[in-house]
Amino acid sequence: MIDFTSRQIPKADIAHQLDCIEQIHRRNALRPEPPHFYCQTFGCQQNEADTERIAGMLAEMGYVRTQDAAEADVIVVNTCAVREHAEKRVFGIMGQYTHIKETRPDVTICMCGCMVQQEHIAEKIKKSYPRVDIVFGTHMLWRFPELLLRRLNGSKRIFEISGDPKGEIAEGLPVQRDAGCHAWLSIMYGCNNFCTYCIVPYVRGRERSRQPEDIEAELRQLVADGYKDITLLGQNVNSYGKDLGIGMDFADLLTRLDAVPGEYRLRFMTSHPKDASEKLFAAMAEGKHICHQLHLPFQSGSDAVLKKMNRGYTKEGYLALIEQARRYMPDLVLSSDIIVGFPGETEEDFQGTLDVVRRGQYDLLYTFLYSKRSGTPAAEMPDNTPAEDKQDRFNRLLQTQESINQQRQDAYQDRKLSVLIDGLSNGKQESEYTHCGRTDGGLLVLVRGEDLHIGDFVDVEIERTSLRALYGREIGKGYHG
Ligand code: 5AD
Ligand code: SF4
């Protein structure tokens, strides 16, 4: 009999971390002023959610968050490995942070996340960044209190990037979320897909789903705490539950969570097309809280490239899928990720990508130039396309999307939309539109009106549009679900 819960970290191990938190707290309480911490996050929403856990642990230890690294006693840099550009930026910034130690040698500098999970990067930090105190990988996040205590107690530099490469799940750690209406809620970790360009499965381990009751309890708490826009997170949420063996899939989870009462919206990301199902679209269409928003990366519009990427679907299969999604939700807001210049991509392959962009009619595209990641299969594939050709394709892709984007934005003219006000607009030229918010589909709206408050659901009539935002006037208040 398989023990499906074996990946959960034992309660006693979590209790030990809480004890370390308490020990650091006692120490900090003796100081005349509370010490400070500074966190910087690179990369995706999962990393942002992880940073919220680290911030939660540090806050419980008695550290106060600062936006100024120069006054911090603990600096944590949570890194990303998805593209080379992010790694270069991290190394650039580490130079600045380690410099702080010249005047304040007691500062503890920590690096964590996907980038440091790679052996060669850890080695580079060991050799070239001697002032970095603690390096811990994605599987070690829950042990941060223990590592910090060890270092504060005078241990030599700490490098902990091992851990169970399959990954584990740690429940019961503190979290400090950013203030506001929006919260991340991780439902699973890791990825099993091994797309040939992608480093994620190597640095975040195998797919593992949280128990539905733990997710539901966290959602109830978030709603009780006043969060109104909650995003369920996972590298591929559509494979939720496969590892649990309880006959529950992502659509079932969504339906269960949707039953939690309250005035809030539920969205999710990221979805993999090979696992997105009609059942999912039906659950989205029927849900009271579930937003009609789908981020469905297609990466390439060429079957040959998709095959080399190990994506598990074809161009036409993908297009049929989004057509099905739109039949269930005609108001669906759709976004996607695209990689340009995958090894061996020809002009004809790229034309296939442009074709999907035109036929898919996306509201938003995240476009990336292929970045070689050592250790992935694509890094070994011949890549003879000159960099200028790749850049030229990339520019043409942006142009194509821009005109589609404008048309899609224009179609909202005079429409009435429900908007969650989530901030003050900083647009100086648009001073009339004092607030900003998001539609159910996640579109940005600048809003004008009387007596607007952050956290309010308001009805807005769109008065004009631009490429980046819709502009509207408040015509009513209230949550409609
Ligand atoms: N090069 C470029 N883009 C990548 N992505 C993942 N790996 C790479 C890579 N090696 C993109 C994919 C993915 C998004 C999160 O990042 O489009 O969907
Ligand atoms: Fe990477 Fe593919 Fe997994 Fe997404 S689904 S994290 S692109 S391996």
Side-chain angles (χ1 to χ4, degrees), residues 41-50 79-89 113-115 117-118 138 165-167 186-209 231 233-240 242-243 250 268-276 294-302 305-313 318 334-345 350 353 356-357 360 362 364-381 383 385 387 390-391 393-394 397-398 401:
T41 312
F42 291 83
C44 65
Q45 295 79 7
Q46 188 60 61
N47 259 18
E48 284 178 25
D50 283 350
T79 63
C80 171
V82 167
R83 281 169 295 275
E84 194 187 5
H85 178 65
E87 292 192 343
K88 284 195 170 141
R89 279 179 60 212
C114 295
M115 177 178 159
Q117 187 68 44
Q118 304 166 96
T138 56
K166 290 196 303 297
S186 296
I187 62 164
M188 61 188 299
Y189 307 95
C191 182
N192 287 358
N193 290 313
F194 289 96
C195 303
T196 54
Y197 50 81
C198 186
I199 195 76
V200 169
Y202 305 90
V203 292
R204 283 205 173 263
R206 296 293 65 74
E207 278 173 6
R208 51 221 188 265
S209 307
T231 306
L233 283 185
Q235 243 72 43
N236 172 18
V237 291
N238 299 115
S239 57
Y240 175 82
K242 281 184 185 167
D243 56 321
F250 180 56
F268 56 86
M269 66 187 310
T270 288
S271 295
H272 193 305
K274 79 176 167 51
D275 299 311
L294 197 57
H295 182 62
L296 201 62
F298 71 87
Q299 313 294 1
S300 166
S302 150
V305 173
L306 287 171
K307 200 161 179 177
K308 280 200 231 163
M309 287 178 162
N310 189 31
R311 290 290 289 176
Y313 53 85
Y318 174 86
L334 187 65
S335 57
S336 193
D337 293 345
I338 300 177
I339 296 177
V340 174
F342 184 81
E345 182 195 70
F350 175 67
T353 297
V356 177
V357 168
Y362 296 90
L364 194 59
L365 283 183
Y366 299 90
T367 46
F368 308 105
L369 270 172
Y370 169 73
S371 170
K372 186 172 173 172
R373 305 284 64 210
S374 80
T376 62
E380 309 300 322
M381 296 180 189
D383 186 1
T385 314
K390 292 188 179 191
Q391 189 61 50
R393 286 176 200 167
F394 190 78
L397 175 61
L398 292 187
Q401 177 57 15

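The shown structure was predicted, so the numbers you read here are calculated from the model rather than taken from an experiment. For reference, positions follow the sequence shown, starting with 1. Side chains are part of it too, since the values below use all heavy atoms of this structure and drop only hydrogens, waters and symmetry mates. For ligands, and for the atoms within them, numbers begin at 1 and follow the listed sequence.
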For atom 1 (N) of ligand 1, the closest protein heavy atom turns out to be Ser371 N, 2.9 Å
Atom 16 (O) of ligand 1 sits nearest the protein heavy atom Arg83 NH1, 2.9 Å
- Message: Using ring centroids (six-membered ring only for Trp), state whether Phe368 and Phe394 fall under 6.0 Å.
- Response: no
Per side chain to side chain contact (heavy atoms under 4.5 Å, CB included), Cys191 is matched among His272, Arg204, Gln235 by Gln235
for atom 1 (Fe) of ligand 2, nearest protein heavy atom and its distance come out as Cys198 SG, 2.3 Å
Ranked by distance from atom 4 (Fe) of ligand 2, the top protein heavy atom is Gln235 O, 4.5 Å
Going by the angle between their ring planes, with limits at 30° and 60°, are Phe250 and Phe268 parallel, tilted or perpendicular? perpendicular
Near Tyr370 (heavy-atom distance under 4.0 Å), the atoms of ligand 1 are 1 (N), 2 (C)
Per-atom filter on ligand 2: closer than 4.0 angstrom to a heavy atom of Arg311 are 2 (Fe)
**Request:** Would you kindly say whether Tyr370 and Glu345 are connected by a side-chain donor-acceptor distance under 3.5 Å?
**Result:** no
- Query: Are any of the side-chain nitrogens in Lys372 or Asp383 under 4.0 Å away from the carboxylate oxygens of its partner?
  - Reply: no
For Arg373, the ligand 1 atoms with a heavy-atom partner under 4.0 Å come out as 10 (N)
If you scan protein heavy atoms around atom 5 (S) of ligand 2, the nearest is Asn193 ND2, 3.3 Å
In this structure, atom 2 (Fe) of ligand 2 is nearest to the protein heavy atom Cys195 SG, 2.3 Å
Going by the 4.0 angstrom heavy-atom rule, the piece of Asn236 near ligand 2 is neither
Filtering Val340, Thr196, Asp337, Val82 for the heavy atom nearest atom 18 (O) of ligand 1 leaves Asp337
Please determine, by modelled atom types, if Asn193 and Lys274 share a side-chain donor-acceptor pair under 3.5 angstrom.
yes
Candidates Gln299, His272, His85, Lys372; heavy atom nearest atom 17 (O) of ligand 1 found on Gln299
Quiz item: If we only count heavy atoms from C-beta on, is the Asp243 to Arg206 side-chain gap below 4.5 Å?
Solution: no
Here the pair of heavy atoms bringing Tyr318 nearest to Pro297 is CE1-O, 4.3 Å
Can you see whether Gln46 engages Ser186 through a side-chain donor-acceptor pair at a distance of less than 3.5 angstrom? yes
Closest non-hydrogen contact found for Arg393 with Phe350 is O-CZ, 2.9 Å
Honestly, for Pro201 the part within reach of ligand 2 (heavy atoms, under 4.0 Å) is side chain
Taking only non-hydrogen atoms of Ile339 and a 4.0 Å limit, the atoms of ligand 1 in range are 3 (N), 4 (C), 5 (N), 12 (C), 17 (O)
Atom 7 (S) of ligand 2: closest protein heavy atom, distance to 0.1 Å, is Tyr197 OH, 3.4 Å
For Glu87 and Cys80, the nearest pair of non-hydrogen atoms, with its separation, is CG-O, 3.7 Å
(message) Is it the case that over 12 heavy atoms from other parts of the model lie below 6.0 angstrom from the OH atom of Tyr366?
(response) no
*Sub-4.0 Å heavy-atom approach of Leu369 to ligand 1*: yes
Taking only non-hydrogen atoms of His272 and a 4.0 Å limit, the atoms of ligand 2 in range are 5 (S)
With heavy atoms and a 4.0 Å threshold, my read on which part of Tyr197 contacts ligand 1 is both
For atom 3 (Fe) of ligand 2, the closest protein heavy atom turns out to be Cys191 SG, 2.2 Å
